[in-house]
K.L.:
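Mind looking over this structure? Questions follow.
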Amino acid sequence: MRTPLVMGNWKLNGTKGSVRALIKDFETTAQAAKNVQVAVFPPTIFIDQVAVLVEKTCIEWGAQDISTNVSGAYTGETSPMMVKEFGAKYSLVGHSERRQYHNETDQIVAAKFVTIQKHGLVPVLCIGETLEQREKNETTQVVESQLKAVVELAGIKALGNCVIAYEPVWAIGTGKVATSEQAQEVHAHIRLWLSKQDKSVADKVQILYGGSVKASSAKELFEQEDIDGGLVGGAALIAEEFIGIINGAK
Ligand code: 13P
């Protein structure tokens, strides 16, 4: 039995005031949902604030991105060691917005994945196809090659200590959520691909769906056999929506 996991990726949003209010608003729900793990990914500037706000709760948090370097002359980067010191549990890696706007290749993503684990953090590996790739029936090929790059560098066992987020690019921020059947089909394929290499890894790894998840669509998505929760963007910034999504995972 895999524990349901709901993650909020705040991307480049928030103020000190909105961060405080948002956590206060969904904290009680997160605490009450004993069988659901809840985590948030604040912008780096709010990490210290979030670490303090969630300290006495079951809410966990992670970095949206980390550097492959631990320290040195790397202007603007965030070190895995630094976020770990503040109490991070996770780091996202391979988000399509990083792949698209920061030219992160599968090889860079794999290197970051290894760095994240090396520093005692759990990678949340984001994979997914673009609309063009889906229309050309390349979805399974794309997710397999994204996974393969990580397996080649980190080894299959390393995927037993990560979270995988299937985020079809065409569903991110578009309001166009994948249907539960579409999402389940890809999740099942990911698990099958993993199981061919290591069944225990495939059985254990939490595979989240991301892309326009809302309170209204969460429950049906999370009821699918291979969907273990969600990585939520826009709706994670609205307390009422995020609360509904956590409740949908119970
Ligand atoms: P939206 O929920 O806003 O579509 O974003 C999904 C996402 O990219 C989470 O990482």
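Side-chain atoms are counted along with the backbone in the values below, which use heavy atoms only and exclude waters and symmetry mates. Both ligands and their constituent atoms are indexed starting at 1 by order of listing.
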K.L.:
Is there a side-chain contact between R2 and D226 in this structure, where contact means two heavy atoms from C-beta onward sitting under 4.5 Å apart?
P.N.:
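Touching, per the 4.5 Å side-chain cut-off.
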
K.L.:
Does W61 belong to the same Ile/Leu/Val/Met/Phe/Trp/Tyr cluster as L208, with side-chain heavy atoms less than 4.5 Å apart forming each link?
P.N.:
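No: no chain of side-chain contacts under 4.5 Å links W61 to L208.
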
K.L.:
Would you check, one step at a time, whether the test side-chain hydrogen bond (donor to acceptor under 3.5 Å, both in side chains) holds for Q100 with H95?
P.N.:
CA-CA 9 Å; Q100 190 182 345; H95 194 283; over 6 Å; no

K.L.:
Does ligand 1 have any N/O atom under 3.5 Å from a protein N/O, and what are those pairs and their distances?
P.N.:
{"residue": "ligand 1", "atom": "2 (O)", "partner": "S212", "partner atom": "N", "Å": "3.4"}
{"residue": "ligand 1", "atom": "2 (O)", "partner": "G233", "partner atom": "N", "Å": "2.9"}
{"residue": "ligand 1", "atom": "3 (O)", "partner": "G234", "partner atom": "N", "Å": "2.8"}
{"residue": "ligand 1", "atom": "4 (O)", "partner": "G173", "partner atom": "N", "Å": "2.6"}
{"residue": "ligand 1", "atom": "4 (O)", "partner": "S212", "partner atom": "N", "Å": "2.7"}
{"residue": "ligand 1", "atom": "5 (O)", "partner": "K11", "partner atom": "NZ", "Å": "3.3"}
{"residue": "ligand 1", "atom": "8 (O)", "partner": "K11", "partner atom": "NZ", "Å": "2.8"}
{"residue": "ligand 1", "atom": "8 (O)", "partner": "H95", "partner atom": "NE2", "Å": "2.8"}
{"residue": "ligand 1", "atom": "10 (O)", "partner": "N9", "partner atom": "ND2", "Å": "3.0"}
{"residue": "ligand 1", "atom": "10 (O)", "partner": "H95", "partner atom": "NE2", "Å": "2.9"}
{"residue": "ligand 1", "atom": "10 (O)", "partner": "E167", "partner atom": "OE1", "Å": "3.3"}
{"residue": "ligand 1", "atom": "10 (O)", "partner": "E167", "partner atom": "OE2", "Å": "2.9"}

K.L.:
Can you tell which of H187, R191, Q37 makes a side chain to side chain donor-acceptor pair (under 3.5 Å) with D228?
P.N.:
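The passing option is R191.
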
K.L.:
If we ignore hydrogens and angles and just use 3.5 Å, is the side chain of K112 paired with the main-chain N or O of V93 as donor and acceptor?
P.N.:
no

K.L.:
For F222, give me all partners under ring-ring contact (aromatic ring centres under 6.0 Å, His included), at least two apart in sequence or on another chain.
P.N.:
none

